[in-house]
Structure formats: C-alpha cells, structure tokens
Amino acid sequence: MGSKIGRNDPCWCGSGIKYKKCHEEFDEKIAYIKSQGHEVPDHSIIKTPEQIEKIKESAKINIAVLDYVAENIRAGMSTEEIDRLVSEKTAELGGIPAPLNYQGYPKSVCTSVNEVVCHGIPSSDVILKDGDIINVDCSTIYNGYFSDSSRMFCIGDVSAEKRKLVDTVKECVEIGLKMVKPWGFLGDMGQAVNEHAIKNGYSVVREIGGHGVGLEFHEDPWVSYVSKAGEEMLMVPGMIFTIEPMVNMGTAKVFCDKKDNWTIYTADRKPSAQWEIMVLVTEDGNEVLAY
Ligand code: MF3
Ligand code: CO
C-alpha cells in the first residue's frame with residue numbers, strides 16, 4: 001500500500017498535502033497490520049472529509065424519511081402505502097430511493113413483517129395489523145452519495161415476547177457500536193452483537209450481513225455479526241459501514257422466496273427483527289451518520 005506514491009507527491013486522500021506529511025505513516029501502520037495476517041481496507045473505501053460531508057447530507061434525508069414513516073405508520077395500512085410515504089418524502093427532500101431498480105428490486109423501500117427477515121417487498125396485499133412487528137429499511141441517493149438505515153416499528157399491542165426481540169436487537173446494535181473504533185477489527189463489533197443476541201436466547205442470521213456504504217449502495221467490506229473479536233477487516237478513520245444484524249427468535253436458518261427472489265423468511269417462521277445504523281470510524285471512535 002502506498003508503494004507507488006512518492007513521498008513528495010500529493011497524498012492519495014486529496015488533501016493537497018505531500019504524502020509524507022499526510023497519510024504515509026497511516027499507510028505504514030496498515031501495511032504492518034496486514035503483514036501480521038489481518039484483512040485491511042484499501043484506499044477506495046476510506047472516505048475523504050469532502051466525501052464524508054456529502055454522505056452526511058444523504059444520511060440526513062434518510063433519517064428524515066424514517067422519521068416521516070414513524071409519524072405515519074399504523075395498523076390498517078398496507079406496506080404499499082409505506083412505499084408511497086418513502087418515495088414521496090425522499091423526492092420532496094431532493095433524494096432518490098436507492099432500492100428502486102437496484103438489481104431489479106421493484107420498490108423504494110424494504111418492509112419486512114414478523115417472520116420476514118429482510119427484503120420484504122411492499123405490497124397492497126400486506127396490511128399491518130395489531131401485534132405485528134415490521135422493519136422499514138430506507139436507503140437514499142443524494143447528489144450521488146448513498147445512505148442506508150432501518151428501524152423496527154411495533155404495531156399496536158405487540159406481545160411481550162416480540163417486543164423483547166425488537167428491544168434486544170436494538171441493544172445489540174448499541175453494544176456493537178461501542179466496539180467501533182480505529183485500529184480495532186470488525187470482528188470486535190460482530191462478536192459483541194452476537195454475544196448479546198445469544199445471551200437473550202436468540203440466533204443471528206449468518207448469510208446476510210452489513211456492508212460499506214457511501215460512494216456506492218453496497219461497498220466492501222462485507223460485515224458479519226457472527227464474527228470473532230480480532231478477526232475480519234481492520235477499522236480505520238474514514239471507513240463507513242452499516243451495523244444491521246438480523247436476529248431470529250428461533251433458528252438462524254433462513255430461505256429466500258422462490259417466487260420473488262427477494263423476500264427472506266425464517267426457516268421456522270418465527271419472528272425476526274433488525275435495526276440498521278450507518279457508522280463512520282473517526283480518529284477517536286465513531287460517529288453515527290444514519291439510524
Ligand atoms: N437496504 C438493504 C441493506 O440494508 C439492502 C436492500 S437491497 C434492495 O443493505 F434492493 F432490496 F433494496
Ligand atoms: Co444496509
């Protein structure tokens with residue numbers, strides 16, 4: 001890393017400062033950690049301060065769209081109506097919903113009810129009813145920059161059992177977030193998330209994870225929540241990724257709907273919950289950009 005750039009050349013980060021006075025030491029530290037056998041980020045996923053500002057603007061819209069959903073979601077509403085709320089609010093704020101047409105995805109948001117783990121497609125046939133839990137997963141493109149976060153909503157009178165699942169997954173994300181700091185590893189976060197879920201008697205989905213985000217919808221690294229401390233990619237300042245564990249009440253096993261090729265269900269049809277935040281690794285810890 002950094003081997004092709006002269007010490008007096010402008011730094012790769014776009015600061016305009018000479019490499020030797022900017023990221024040379026940083027790159028050497030990363031190269032050393034790599035030589036110890038760790039996976040490390042390359043420059044393409046380390047965001048510049050200018051990029052971070054733009055990504056934050058996108059994230060602000062994503063938060064506002066989810067706030068708007070929170071104000072309006074209710075029993076009796078179809079998930080198709082949630083799609084309309086998301087698409088209208090995003091457009092009003094000058095953004096584009098990232099899911100629409102993404103790899104053929106037909107709607108502007110994912111709405112995953114009860115035993116749907118993720119990627120539920122909004123439909124006029126799916127009516128929210130008292131006792132349902134739903135994940136609404138929003139992603140926004142603004143001026144070419146991407147943001148992504150999701151929240152759970154409890155519709156009316158939700159059983160204590162399902163409510164506990166929803167609350168515990170939120171705690172998993174908060175506990176994982178505490179492990180996000182420069183020069184740690186993604187596995188530090190993943191293990192913390194996993195341990196909290198297991199401790200509460202739940203299981204964590206293995207096949208679907210989080211991801212880098214900002215310049216693209218889905219960038220490296222792929223982020224696991226069944227990983228081990230000290231493993232997976234090194235975290236360095238300027239990286240942005242999601243913490244979005246899918247936690248199941250029963251088995252961790254899931255399957256994809258053969259008819260639509262998107263909707264993921266729990267194998268035992270027991271409930272699943274997910275919260276998603278988008279986090280920036282900073283010089284001294286982290287900053288949540290979207291939630
Ligand atoms: N928003 C999801 C995520 O958290 C991705 C959904 S892909 C889509 O990564 F096409 F279904 F929108
Ligand atoms: Co995501």
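Positions are given from 1 along the sequence. In each ligand, atom 1 is the first atom listed, and ligand 1 is the first ligand listed.
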_Distance-only donor-acceptor check, side chains D27 and H43, under 3.5 Å_ =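 Note: D27 and H43 side chains meet the donor-acceptor criterion.
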*Atoms of ligand 1, numbered as shown, that sit under 4.0 Å from any heavy atom of S139*: 1 (N)
*Using the Co ion (ligand 2) as the apex, give the angle to atoms OE2 (E276) and NE2 (H211), rounded to 10 degrees.*
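Angle OE2(E276)-the Co ion (ligand 2)-NE2(H211): 130°, rounded to 10°.
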*Please answer whether the main-chain N or O of K270 pairs with a side-chain N or O of N248 as donor and acceptor at a distance below 3.5 Å.*
no
*Opening angle between OD2 in D148 and OE2 in E244, taken at the Co ion (ligand 2), to 10 degrees*: 160°
*So which heavy atom in the protein is nearest atom 2 (C) of ligand 1, and how far is it from that ligand atom?*
D137 OD2, 3.2 Å
*Answer yes if the ring centres of W12 and H23 are under 6.0 angstrom apart, and no otherwise.*
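Ring centres of H23 and W12 closer than 6.0 Å.
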*Indicate whether the side chain of D148 and that of S139 have a donor and an acceptor atom separated by less than 3.5 Å.*
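Yes - a donor-acceptor pair under 3.5 Å links their side chains.
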*Could you check atom 4 (O) of ligand 1 against the protein and tell me its nearest heavy-atom contact, residue, atom and distance included?*
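Residue, atom and distance for the closest contact: E244 OE1, 2.8 Å.
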_With N114, the side-chain hydrogen bond (donor to acceptor under 3.5 Å, both in side chains) member among N135, T266, D132_ = D132
*What protein heavy atom sits nearest atom 3 (C) of ligand 1, and how far off is it?*
D148 OD2, 3.3 Å
_Flag, side chain of N286 to backbone of L177, donor-acceptor distance under 3.5 Å_ =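 Yes; judged by distance alone, with no hydrogens or angles, the pair exists.
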*So does H218 have any N/O/S atom less than 2.8 Å away from the Co ion (ligand 2)?*
no
*Have a look at M246, K107, H218, E276 and point out the one with the heavy atom closest to atom 5 (C) of ligand 1.*
H218
*For C110, atoms of ligand 1 separated by under 4.0 Å from a heavy atom*: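 Listed by number with element: 6 (C), 11 (F), 12 (F).
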*How far is atom 12 (F) of ligand 1 from its nearest protein heavy atom, and which residue and atom is that?*
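Checked against all protein heavy atoms, atom 12 (F) of ligand 1 sits closest to P99 CB, 3.1 Å.
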*Using only heavy-atom distances, determine whether the side chains of H38 and E232 contain a donor-acceptor pair under 3.5 Å.*
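On atom types as modelled, these side chains do not qualify, holding no pair under 3.5 Å.
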*Y225 and V279: same hydrophobic cluster, using ILVMFWY side-chain contacts below 4.5 Å?*
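Looking at the clustering, V279 is in the same group as Y225.
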*Check whether any heavy atom of H211 sits under 4.0 Å from an atom of ligand 1.*
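Contact present.
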_Residue pair Y291 / N62, side-chain donor-acceptor N/O under 3.5 Å_ =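 There is no such pair (donor and acceptor under 3.5 Å, judged by atom type) between the side chains of Y291 and N62.
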*Is any N, O or S atom of D137 under 2.8 Å away from the Co ion (ligand 2)?*
no
*Mind checking whether S150 contacts ligand 1 via backbone (N, CA, C, O), side chain (CB onward), both or neither, at a 4.0 Å heavy-atom cut-off?*
neither
